[in-house]
Amino acid sequence: MLVFKAIRNILIGFGIANLSLLIFILIAGFNGWTQMDMGLLRTQVIGSMAYGAFCGIVSLVFESERLSVFTKTSIQFFGFVTGYGIFGYSLGWFHSLENMLLMYTIYIAIYMIIWLCIYFFQKRLADELNKGIR
């Protein structure tokens, strides 16, 4: 069963990675960057998909019933951030230390926003289920 969940998470990671890359390409096109080396594009697509698969695997930590939500979230967060640094450096996503710090700040802010949305959604769902039980 864990293998199927891993494959599911990897495929979801592929989709999110490619959606992110599409957004980047659209923004680059609107800013006048109309040509790209196919070798570079191929490397970025494969690298983004590999990072998406990595994130899917790291997210399997939430399948554990022995760890607290805080521990699971901490493992996922630090796994994502570490992977982002490794993949980002090797794929050339950071051009300077300042750029890297800015990208990390944006990454962490997006992570926090998504986490808060999921948290409040789950909290509201639990409240509704508790109301139904009473």
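Sequential numbering from 1 along the given sequence is applied to the chain's residues.
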request  = Check step by step if side chain to side chain donor-acceptor pair (under 3.5 Å) holds for S74 and T71.
outcome  = CA-CA 5 Å; S74 297; T71 303; over 6 Å; no
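- Placement of F77 and I106 in two distinct hydrophobic clusters is found when ILVMFWY residues are connected by side-chain heavy-atom separations under 4.5 Å, directly or transitively.
- Note: W93 and Y84 have tilted aromatic rings, judged against thresholds of 30 and 60 degrees for the angle between ring planes.
- Atoms CD and NZ, from E128 and K123 in turn, are 12.0 Å apart once rounded to the nearest 0.5 Å.
- In this structure, the separation between CD1 on I75 and CZ on F70 is 10.5 Å, given to the nearest 0.5 Å.
- Cluster membership check: V69 does not share its hydrophobic cluster with V58, using side-chain heavy-atom separations under 4.5 Å among Ile, Leu, Val, Met, Phe, Trp and Tyr.
- Put simply, the side chain of Q76 never gets that close to the backbone of V61: no donor and acceptor are under 3.5 Å apart.
- Hydrophobic clustering of Ile, Leu, Val, Met, Phe, Trp and Tyr side chains at less than 4.5 Å, counting indirect connections, unites I110 with I118.
- Residue M1 belongs to no hydrophobic cluster, having no ILVMFWY side-chain heavy atom closer than 4.5 Å to its own.
- The backbone N or O of V45 lies less than 3.5 Å from no partner atom in the side chain of S48, so there is not a single donor-acceptor pair.
- Residues L60 and F54 do not share a hydrophobic cluster, clusters being chains of Ile/Leu/Val/Met/Phe/Trp/Tyr side chains in contact below 4.5 Å.
- A distance of 4.0 Å separates OG1 in T73 from CZ in F62, rounded to the nearest 0.5 Å.
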Compile the donor-acceptor pairs under 3.5 Å between side chains in residues 4-28 and protein atoms, sequence neighbours left out, one pair per line.
{"residue": "K5", "atom": "NZ", "partner": "E63", "partner atom": "OE1", "Å": "2.8"}
{"residue": "N9", "atom": "ND2", "partner": "G56", "partner atom": "O", "Å": "3.1"}
{"residue": "N18", "atom": "ND2", "partner": "F14", "partner atom": "O", "Å": "3.2"}
{"residue": "S20", "atom": "OG", "partner": "I16", "partner atom": "O", "Å": "2.9"}

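- In plain terms, the two heavy atoms of F87 and A50 that are nearest each other are CE2-CB, 3.6 Å.
- Note that the CE atom of M112 and the CD1 atom of I108 stand 9.0 Å from one another [nearest 0.5 Å].
- The side-chain heavy atoms of M38 and L41, taken from C-beta on, include a pair separated by under 4.5 Å.
- Interatomic distance, M100 CE to S96 OG, rounded to the nearest 0.5 Å: 9.5 Å.
- Checked against the 6.0 Å centroid criterion, the rings of F94 and Y89 do not qualify as a close aromatic pair.
- Residue K131 holds its NZ atom at 13.0 Å from CD1 of I133, rounded to the nearest 0.5 Å.
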message = The test is ring-ring contact (aromatic ring centres under 6.0 Å, His included); show your working for Y119 and W115 and say whether it passes.
response = CA-CA 6 Å; Y119 172 79; W115 187 88; 5.4 Å; yes
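- Nearest heavy-atom pair, G85 versus Y104, reported as atom, atom and distance to 0.1 Å: CA-OH, 3.0 Å.
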